[in-house]
Amino acid sequence: EIDEVGRSTTIISKITKGIEIGRNGSEQEQDKLREKFQKRVATVVSSVFTSDRLPQGIAPPDEERIKKAINNVTKETASVLATSGAWLTQTVGGREIEPDDLIPEPKWKTVHDGWSRRKKITM
């Protein structure tokens, strides 16, 4: 996405926004986003899993199976995937994102295990 000034929205901004909506959005908004995500997945499945692309005897997943899988996705994940749209991964600029940017760093404690080795454990 490019804003009115010509800047592209960073991937981390899209992810953060999607998580926020997934956690704090209304139930109606979350249902709408899950449906949007479901339609997007169905479109991709129908265009990618075609009979000429799949090995003989392998059928593409049916719509009911897709719905079942999507219902197992957390509301935050569905929201991120529905709201983030296409990611311009080849656009130069902006900061790269690492999983650690979204997940708080664990607190480590060094313990002695009795064999003159030390281990790090999370608290």
Side-chain angles (χ1 to χ4, degrees):
E1 269 177 67
I2 307 294
D3 67 12
E4 61 278 349
V5 184
R7 294 175 298 207
S8 62
T9 305
T10 63
I11 292 171
I12 193 165
S13 297
K14 292 178 179 186
I15 293 171
T16 303
K17 177 184 174 190
I19 291 172
E20 182 66 26
I21 293 170
R23 288 185 179 156
N24 301 318
S26 69
E27 194 171 321
Q28 182 181 14
E29 188 175 24
Q30 290 173 7
D31 289 345
K32 185 178 173 183
L33 289 173
R34 187 173 292 272
E35 185 178 324
K36 181 179 178 180
F37 172 54
Q38 184 174 324
K39 286 179 182 178
R40 186 174 292 160
V41 170
T43 300
V44 170
V45 167
S46 66
S47 64
V48 172
F49 293 107
T50 60
S51 58
D52 33 322
R53 288 185 159 186
L54 292 171
Q56 189 174 5
I58 303 295
D62 62 21
E63 190 174 330
E64 198 56 43
R65 187 172 181 183
I66 293 169
K67 283 181 184 179
K68 188 175 180 181
I70 289 172
N71 285 333
N72 289 328
V73 172
T74 66
K75 58 187 176 184
E76 291 88 357
T77 299
S79 176
V80 167
L81 295 172
T83 60
S84 64
W87 293 2
L88 303 175
T89 57
Q90 295 183 357
T91 302
V92 179
R95 178 166 100 62
E96 292 295 323
I97 182 170
E98 295 291 331
D100 293 341
D101 293 336
L102 299 169
I103 302 170
E105 190 171 325
K107 295 178 183 170
W108 294 97
K109 174 180 163 185
T110 303
V111 295
H112 184 48
D113 69 357
W115 291 91
S116 72
R117 289 179 286 172
R118 294 180 185 262
K119 296 192 246 186
K120 286 185 174 180
I121 59 171
T122 57
M123 298 176 54

**Prompt:** In Å, rounded to the nearest 0.5 Å, how long is the span from CG of Leu33 to CZ of Arg40?
**Reply:** 9.5 Å
**Complete:** Rounding to 0.5 Å, atoms CD1 (Ile12) and NZ (Lys17) come to a distance of 15.0 Å
**Asked** Looking only at heavy atoms, which two atoms of Thr50 and Ser46 are closest? And how far apart?
**Response** CG2-O, 3.6 Å
**Criterion side chain to side chain contact (heavy atoms under 4.5 Å, CB included) on Asp62 and Arg65, from CA distance to verdict** = CA-CA 5 Å; Asp62 62 21; Arg65 187 172 181 183; 3.1 Å; yes
**Asked** What are the two closest non-hydrogen atoms of Pro61 and Val45, and how far apart are they?
**Response** CG-CG1, 3.9 Å
**Prompt:** Measuring from Phe37:CZ to Thr77:OG1, what's the distance to the nearest 0.5 Å?
**Reply:** 8.0 Å
**Prompt:** So do Arg53 and Val48 actually touch side chain to side chain, heavy atoms under 4.5 Å?
**Reply:** yes
**Item:** Check: Val44 main-chain N/O paired with Ser47 side-chain donor or acceptor under 3.5 Å
**Value:** yes
**Asked** So Glu35 and Lys39, salt bridge (Lys or Arg N to Asp or Glu O under 4.0 Å) or not? Walk me through it.
**Response** CA-CA 6 Å; Glu35 185 178 324; Lys39 286 179 182 178; 3.4 Å; yes
**Close side-chain approach of Pro60 to Leu54, heavy-atom, < 4.5 Å** = yes
**Message:** Tell me if a side-chain donor or acceptor on Glu76 pairs with a main-chain N or O of Gly22 at a distance below 3.5 Å.
**Reply:** no
**Message:** When you compare the side chain of Ile19 with that of Ser79, does any pair of heavy atoms fall below 4.5 Å?
**Reply:** no
**Asked** Looking at CD of Glu63 and NZ of Lys67, how far apart are the two atoms once the value is rounded to the nearest 0.5 Å?
**Response** 4.5 Å
**Fill in**
OG1 (Thr74) and CZ (Arg23) are apart, to the nearest 0.5 Å, by 9.0 Å
**Message:** With clusters defined by side-chain heavy atoms of hydrophobic residues (ILVMFWY) lying less than 4.5 Å apart, directly or transitively, does Ile21 cluster with Val73?
**Reply:** no
**Request:** Supply the atom-to-atom distance Ile15 CD1 to Glu20 CD, rounded to the nearest 0.5 angstrom.
**Result:** 14.5 Å
**Prompt:** Has the side chain of Arg34 got a donor or acceptor atom that lies under 3.5 Å from a matching backbone atom of Ile70?
**Reply:** yes
